[in-house]
Undergrad: 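Encoded as structure tokens, here's the structure I'll be asking about.
Order of appearance sets the numbers: ligands from 1, and atoms from 1 within every ligand. Since the structure is predicted, the reported quantities are computational estimates derived from the model, not experimental observations.
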Amino acid sequence: MGTLGRKDLLDLEGLTAEEIGMILDEAEAFREVGLRPVKKVPALRGRTVINLFFEPSTRTATSFHLAAQRLSADVLDIKVGDSSVKKGETLLDTVATFEAMDLGVLILRTAHSGSAAFVARHSRASIVNAGDGMHEHPTQGLLDLFTLRRRFGRVEGLEVAIVGDVLHSRVARSDVWGLLKLGARVRLCGPATLCPQALAAVWEGAFPGRVRVVHELEAALEGADAVQVLRIQLERLQRFLFPSTREYSRHYCLTSARLRGAKPGCLVMHPGPMNRGLEISGGVADGPQSAIRGQVANGVAVRMAVLHLLAGSEEAA
Ligand code: CP
């Protein structure tokens with residue numbers, strides 16, 4: 001076990017502000033490694049890291065692979081479609097098979113909420129949740145916090161709007177827990193079907209007065225320091241939760257004109273992948289206030305920090 005004192009990273013709901021701060025501080029140190037000509041440290045030498053993704057991924061899978069490589073781990077990406085999962089092997093038997101080959105850390109993405117915690121209870125390896133259904137995506141939450149802290153020097157006291165399909169978003173859940181724990185205020189914004197008032201009740205109970213739900217984008221942006229635009233998850237929409245994509249875009253697409261209603265310099269974030277023209281305009285995504293590429297770059301440093309704190313030895317960093 002590494003210096004975080006935990007075997008697994010399953011969510012941000014279960015982390016303390018101090019633990020989140022420790023990961024962000026460590027990420028700051030690993031960001032410097034990424035700027036070196038030789039981007040490698042021996043922190044995970046001799047450890048095996050496996051990426052097991054049951055859902056598509058570009059950013060998370062790639063950045064975990066790079067992070068593990070930069071820590072000198074042996075890293076494998078399993079193609080689920082070419083694995084014995086296709087012959088009916090269970091998730092636990094698949095993980096036990098990896099354990100027999102001395103698995104150190106499993107990076108797991110599945111469509112099922114709670115699956116990372118389930119595997120963690122049955123495995124000696126460290127399990128990192130890379131997104132479980134609609135539950136959480138903790139390393140995305142951490143890299144979003146890291147991006148905010150680098151831009152503003154702090155997270156405490158920031159006003160952050162999270163806009164879009166909050167209901168289906170594991171990113172939103174991790175973001176909200178992390179933001180509240182570090183002292184920010186959150187405005188959740190979207191149509192009532194994707195951003196119901198009831199969704200905020202758990203957070204409101206834990207952090208009274210620091211979460212509010214608004215249904216007009218203009219109101220969410222007013223005075224915001226940063227806005228995280230969420231992807232409309234067309235693959236998870238099982239019924240019509242808004243009349244049409246054109247209608248959604250008319251009310252909730254973050255355009256340059258709407259962004260002018262936020263604080264000057266309001267930071268624009270999006271976890272990716274983007275539906276350009278649906279939830280965010282190309283002009284805003286590629287514009288001067290966009291931190292979207294920075295979020296991706298920060299993801300490598302944050303994931304190095306997570307892997308090192310869970311499974312590395314202090315001396316080898
Ligand atoms: N943000 C995110 O999880 O992106 P990927 O699905 O590409 O990993």
Undergrad: Checking D225 side chain against E159 main chain: does a donor-acceptor pair fall under 3.5 Å?
TA: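 Between the backbone of E159 and the side chain of D225 there is a qualifying donor-acceptor contact (under 3.5 Å).
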Undergrad: Give the intermediate values and the outcome of side chain to side chain donor-acceptor pair (under 3.5 Å) for residues D77 and H65.
TA: CA-CA 8 Å; D77 296 325; H65 187 114; 2.7 Å; yes
Undergrad: Hey, could you give me the CG/CZ distance between L24 and R31, rounded to the nearest 0.5 Å?
TA: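 One finds 13.0 Å between CG of L24 and CZ of R31.
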Undergrad: In Å, rounded to the nearest 0.5 Å, how long is the span from CG of L76 to CZ of F98?
TA: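 The CZ atom of F98 is 8.0 Å from CG of L76, to the nearest 0.5 Å.
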Undergrad: State the CD-CG distance between E19 and L9, to the nearest 0.5 angstrom.
TA: 9.5 Å
Undergrad: Would you mind listing each N/O atom of ligand 1 next to any protein N/O under 3.5 Å, plus the distance?
TA:
{"unit_1": "ligand 1", "atom_1": "1 (N)", "unit_2": "Q140", "atom_2": "OE1", "d": "3.1"}
{"unit_1": "ligand 1", "atom_1": "1 (N)", "unit_2": "P271", "atom_2": "O", "d": "2.8"}
{"unit_1": "ligand 1", "atom_1": "1 (N)", "unit_2": "G272", "atom_2": "O", "d": "3.2"}
{"unit_1": "ligand 1", "atom_1": "3 (O)", "unit_2": "T60", "atom_2": "OG1", "d": "3.0"}
{"unit_1": "ligand 1", "atom_1": "3 (O)", "unit_2": "R109", "atom_2": "NH2", "d": "2.9"}
{"unit_1": "ligand 1", "atom_1": "3 (O)", "unit_2": "H137", "atom_2": "NE2", "d": "2.9"}
{"unit_1": "ligand 1", "atom_1": "4 (O)", "unit_2": "R59", "atom_2": "NE", "d": "3.1"}
{"unit_1": "ligand 1", "atom_1": "6 (O)", "unit_2": "R109", "atom_2": "NH1", "d": "2.9"}
{"unit_1": "ligand 1", "atom_1": "7 (O)", "unit_2": "T58", "atom_2": "N", "d": "2.8"}
{"unit_1": "ligand 1", "atom_1": "7 (O)", "unit_2": "R59", "atom_2": "N", "d": "2.9"}
{"unit_1": "ligand 1", "atom_1": "7 (O)", "unit_2": "R59", "atom_2": "NE", "d": "3.1"}
{"unit_1": "ligand 1", "atom_1": "7 (O)", "unit_2": "R59", "atom_2": "NH2", "d": "3.1"}
{"unit_1": "ligand 1", "atom_1": "8 (O)", "unit_2": "S57", "atom_2": "OG", "d": "2.6"}
{"unit_1": "ligand 1", "atom_1": "8 (O)", "unit_2": "T60", "atom_2": "N", "d": "2.9"}
{"unit_1": "ligand 1", "atom_1": "8 (O)", "unit_2": "T60", "atom_2": "OG1", "d": "2.6"}
{"unit_1": "ligand 1", "atom_1": "8 (O)", "unit_2": "R109", "atom_2": "NH2", "d": "3.4"}

Undergrad: Restricting to pairs with a member in residues 247-281, which pass ring pair (Phe, Tyr, Trp, His ring centres under 6.0 Å), not counting sequence neighbours?
TA: F242-Y248, Y248-Y252
